[in-house]
Amino acid sequence: MRIVTFTRSTPDTAAKVEVGGDGAVTWGGAATVVNPWDEYSLEEAIQQAGKAGGKSAAIAVGAPMHDDALKHALAMGLDEAYRIDDAALDATDSLSYATAAAAAVTKLGDAKLVIFGKESVDVGTDSHIVQTARKLGWTMLSYVSKIVSVDYAAGTLKVERLVEGGKQVVSASLPAVISVMKDINEPRYPSFMGIRKAAKASIPVWSLADLGVSGLRAKAKTTRFANLPARTVEVEMLTGDPEDVAAKLVDRLLAEKVL
Amino acid sequence: MSTVLVWIETHDGNARPTSWEALGAANALASTLGASVTALVLGKNAPAIAQDALTRGAAKALASDDASFETYRLEPYAALLSALVKEHAPLAVVAVASSAGRELLAASAADTDSAMLSDAIELGAVAGNVTVVRPVYAGKILSDAVAEGTAFVTVRARAFQPAAPVGGTGEVLTVAPVLAEASIAAKLESFEVEVGTVNLGDAAIIVSGGRGIANNPKDAPAGTDKPDVWKAKDGFETVLKPLADVLGGAVGASRAAVDAGYIDYAHQVGQTGKTVAPDLYIATAISGAIQHQAGMRNSKVIVAINKDGDAPIFKLARYGIVGDIYKIVPALTAELKKRLGK
């Protein structure tokens with residue numbers, strides 16, 4: 001049995017991301033890292049596969065740059081890595097991504113649980129996660145902060161979810177797709193041996209034809225990237241003793257009508 | 001007449017306040033498209049909330065207070081929404097980008113093979129096709145996107161004006177659930193409410209603390225295992241919380257504070273936490289790393305209080321105070337109590 005997780009390479013979290021004169025997104029010479037939310041899903045996949053006595057597999061959808069994230073996954077200790085890449089696939093369209101992702105899970109054949117990090121910071125969404133579950137026809141449990149219990153034989157799963165205003169405990173049936181939050185675990189660092197092994201690994205690349213997907217066409221298209229409008233605010237520094245600055249600040253906040 | 005369908009999210013028999021922003025966005029989009037708005041309201045008290053939606057500009061409302069809709073769950077909600085979309089073929093389906101809204105619309109877009117555009121901060125149409133502007137790369141840049149056919153759009157909280165009551169009228173139709181309770185696998189076993197906190201995403205005012213909150217002049221009780229954690233927790237509880245309370249706001253935190261164990265992750269603002277856009281954001285003892293900025297830079301007015309005058313947070317702030325938060329914040333709380341008459 002396999003526990004499957006999806007990951008991708010995104011610009012280093014501290015990198016300055018900009019749109020260049022040619023309209024392309026750049027982040028200077030900064031390196032890519034594993035999508036920050038995926039540290040937790042990769043760790044959870046290793047742990048869940050370990051507990052179930054199964055294998056863990058990481059899959060990335062997109063260009064060769066995502067091999068870096070897959071190598072990080074292998075270095076952390078995931079057993080397998082695959083990448084889906086096809087000129088006809090627009091992975092910024094969440095439904096195209098989900099269609100390919102669901103087909104890859106089906107191709108692996110023996111997955112019971114698919115784990116995603118909460119969202120992808122580059123595309124800025126989690127739509128593709130829910131849509132992967134719907135394309136598979138599986139249970140979707142988002143924002144999971146803890147897996148309370150999982151029983152593959154009985155086909156049941158119980159999790160804690162972090163939603164607005166509190167924590168839910170939900171029970172549901174397997175197979176399932178879950179998205180995990182930051183406090184689900186403490187991600188491990190890749191070991192030296194893991195990094196060496198990952199460096200030598202060759203990652204199979206699947207085309208849409210390999211997955212049996214045809215006629216994929218994006219319904220949502222990104223047409224342009226743009227830099228943020230500059231924040232035109234000029235900072236006003238308030239000085240004096242604490243009572244003075246407090247009074248000055250309250251004067252200004254009342255004038256701004258934000259209180 | 002063609003229609004824009006809007007999901008009014010409910011919680012405990014009330015509309016989530018940000019749902020009226022979704023209705024406001026839907027009203028504007030419908031007028032651009034020459035369409036009318038249909039509101040979908042599910043859960044306890046749905047018929048009354050549906051009436052409220054009509055007074056706020058919806059031409060029609062669909063409602064069900066069936067027990068299977070009492071607490072939001074993806075399966076029954078998506079089954080019904082997808083069936084309604086197939087039946088009515090709306091030009092767009094709009095909801096607020098809450099955790100439930102994001103999940104529900106994405107699922108139904110997949111069920112109906114439709115375009116999904118999440119977290120819109122602007123909404124429009126070109127030649128009858130719905131267009132959005134949405135933040136990408138952790139809010140560091142924006143992207144324009146266009147939908148073909150029915151567009152499922154979630155709108156970011158506090159990016160659109162809420163629909164105000166305008167005395168509109170219309171009819172409320174009762175809709176029946178698609179899934180019977182017996183065929184819904186997901187069961188809610190318990191819900192632990194986080195008491196006394198305001199939802200960060202909905203908050204109009206947020207008071208946030210960073211790692212420097214551990215510089216509490218109070219001494220931790222003798223024998224405390226991690227004195228810095230004790231000091232920081234005490235600071236959040238006895239210094240920042242009272243300021244948030246007098247403002248009717250929520251308490252936020254930087255990643256550094258959360259990672260150090262000073263406060264629960266639910267309070268984290270930034271790239272791996274919540275993205276917020278309140279009217280007022282008060283950053284105390286937060287240096288303003290780019291990851292934090294990504295989560296709060298769209299706040300209307302930013303106030304920074306930090307002992308380091310060179311901290312990057314001052315570049316975003318409208319008002320800056322260099323000093324010790326343990327001296328300034330209590331003075332600010334006292335001044336606000338006096339001026340706001342609390």
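Here the structure is a predicted model, which means the values were calculated and not measured. Chain A is the first sequence line, chain B the second, and so forth, proteins listed ahead of strands; every chain is numbered from 1.
- Contact annotation for Ala289(B): neither backbone nor side-chain heavy atoms come within less than 4.5 Å of a heavy atom of chain A.
- Ranked by heavy-atom pairs shorter than 4.5 Å toward chain B, the options Thr132(A), Val121(A), Thr10(A) are led by Val121(A).
- Contact annotation for Leu238(A): both backbone and side-chain heavy atoms come within less than 4.5 Å of a heavy atom of chain B.
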Where do Lys257(A) and Asp279(B) land on the side-chain contact (heavy atoms from CB on, under 4.5 Å) test, with the steps shown first?
CA-CA 9 Å; Lys257(A) 300 197 189 322; Asp279(B) 293 335; over 6 Å; no
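- Lys221(A) touches chain B through backbone and side chain together, each having a heavy atom under 4.5 Å away.
- Side-chain contact between Glu44(A) and Val144(A) is absent, with no heavy atoms from C-beta onward closer than 4.5 Å.
- Residues Arg102(B) and Asp119(B) are paired through a salt bridge, judged by an N-O separation under 4.0 Å between the basic side chain and the carboxylate.
- The candidate with the highest count of non-hydrogen atom pairs below 4.5 Å against chain B, out of Gly240(A), Ala172(A), Ser171(A), is Ser171(A).
- Using a 4.5 Å heavy-atom threshold, the side chains of Ile141(B) and Asn227(A) count as touching.
- In this structure, chain B has a heavy atom under 4.5 Å from the side chain of Lys158(A), while its backbone stays farther away.
- For Asp241(A), the side-chain hydrogen bond (donor to acceptor under 3.5 Å, both in side chains) test picks out no residue, with sequence neighbours left out.
- Of the listed residues (Glu256(A), Glu243(A), Glu160(A)), the one with the most heavy-atom contacts under 4.5 Å to chain B is Glu256(A).
- Only the side chain of Leu340(B) comes within less than 4.5 Å of a heavy atom in chain A; its backbone stays farther off.
- Of the atoms belonging to Leu157(A), not a single heavy atom falls under 4.5 Å from chain B.
- The most heavy-atom pairs under 4.5 Å with chain A, out of Lys300(B), Lys327(B), Arg134(B), come from Arg134(B).
- Contacts with chain A were tallied for Glu192(B), Arg318(B), Arg16(B), Glu335(B); Arg318(B) has the most, counting heavy-atom pairs under 4.5 Å.
- The part of Val130(A) that comes within reach of chain B is its side chain, from C-beta onward, which places non-hydrogen atoms under 4.5 angstrom from that chain.
- For chain B, the option among Leu259(A), Thr156(A), Leu249(A), Val19(A) with the highest count of heavy-atom pairs below 4.5 Å is Leu249(A).
- Between chain A and the residues Thr275(B), Asn129(B), Thr71(B), Ile290(B), the most heavy-atom pairs under 4.5 angstrom are made by Ile290(B).
- Of the listed residues (Met181(A), His128(A), Gln168(A), Met140(A)), the one with the most heavy-atom contacts under 4.5 Å to chain B is Gln168(A).
- Ranked by heavy-atom pairs under 4.5 Å with chain A, the first of Arg73(B), Gln291(B), Lys315(B) is Gln291(B).
- Among the candidates Ile328(B), Val329(B), Leu188(B), the residue making the largest number of heavy-atom pairs closer than 4.5 Å to chain A is Leu188(B).
- Residue Asn35(A): no heavy atom, backbone or side chain, is found under 4.5 Å from chain B.
- Counting heavy atoms from C-beta on, the side chains of Val239(B) and Tyr326(B) come closer than 4.5 Å.
- Using a 4.5 Å heavy-atom threshold, the side chains of Glu39(A) and Asn185(A) count as separate.
- Only the side chain of Leu117(B) has a heavy atom closer than 4.5 Å to any heavy atom of chain A.
- Salt bridge Asp93(A)/Arg217(A): absent, no basic N to carboxylate O contact under 4.0 Å.
- Looking at heavy atoms from C-beta onward, Asp308(B) lies out of side-chain contact with Phe314(B) at the 4.5 angstrom threshold.
- Interface summary for chain A: among Asn298(B), Leu104(B), Val130(B), Leu142(B), the most heavy-atom pairs under 4.5 angstrom belong to Leu142(B).
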Using the side-chain contact (heavy atoms from CB on, under 4.5 Å) rule, take Gln293(B) and Ile302(B) through it: C-alpha gap first, then chi angles, then the decisive distance, then the call.
CA-CA 11 Å; Gln293(B) 293 189 12; Ile302(B) 295 168; over 6 Å; no
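- The closest side-chain donor-acceptor pair between Thr125(A) and Ser118(B) falls under 3.5 angstrom.
- In this structure, no portion of Ala98(A) lies under 4.5 Å from any heavy atom of chain B.
- Of the two parts of Glu18(A), only the backbone, made up of N, CA, C and O, holds a non-hydrogen atom closer than 4.5 Å to a non-hydrogen atom of chain B.
- Screening Val303(B), Ile205(B), Val269(B), Val207(B) against Tyr281(B) for a side chain to side chain contact (heavy atoms under 4.5 Å, CB included) leaves a single residue, Val269(B).
- If you measure heavy-atom distances from Val123(A) to chain B, the contacts under 4.5 Å come from the backbone alone.
- Of the listed residues (Ser142(A), Ser94(A), Pro36(A)), the greatest number of heavy-atom pairs within a distance under 4.5 Å of chain B belongs to Ser142(A).
- Salt bridge Lys135(A)/Asp113(B): present, at least one basic N to carboxylate O contact under 4.0 Å.
- Neither the backbone nor the side chain of Ile129(A) comes within less than 4.5 Å of any heavy atom of chain B.
- Between Asp126(A) and Phe116(A), the closest side-chain pair of non-hydrogen atoms is not below 4.5 Å.
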Give the intermediate values and the outcome of side-chain hydrogen bond (donor to acceptor under 3.5 Å, both in side chains) for residues Tyr143(A) and Glu103(B).
CA-CA 10 Å; Tyr143(A) 315 119; Glu103(B) 180 183 85; over 6 Å; no
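- Residue Glu236(A) touches chain B through both its backbone and its side chain, counting heavy-atom pairs closer than 4.5 Å.
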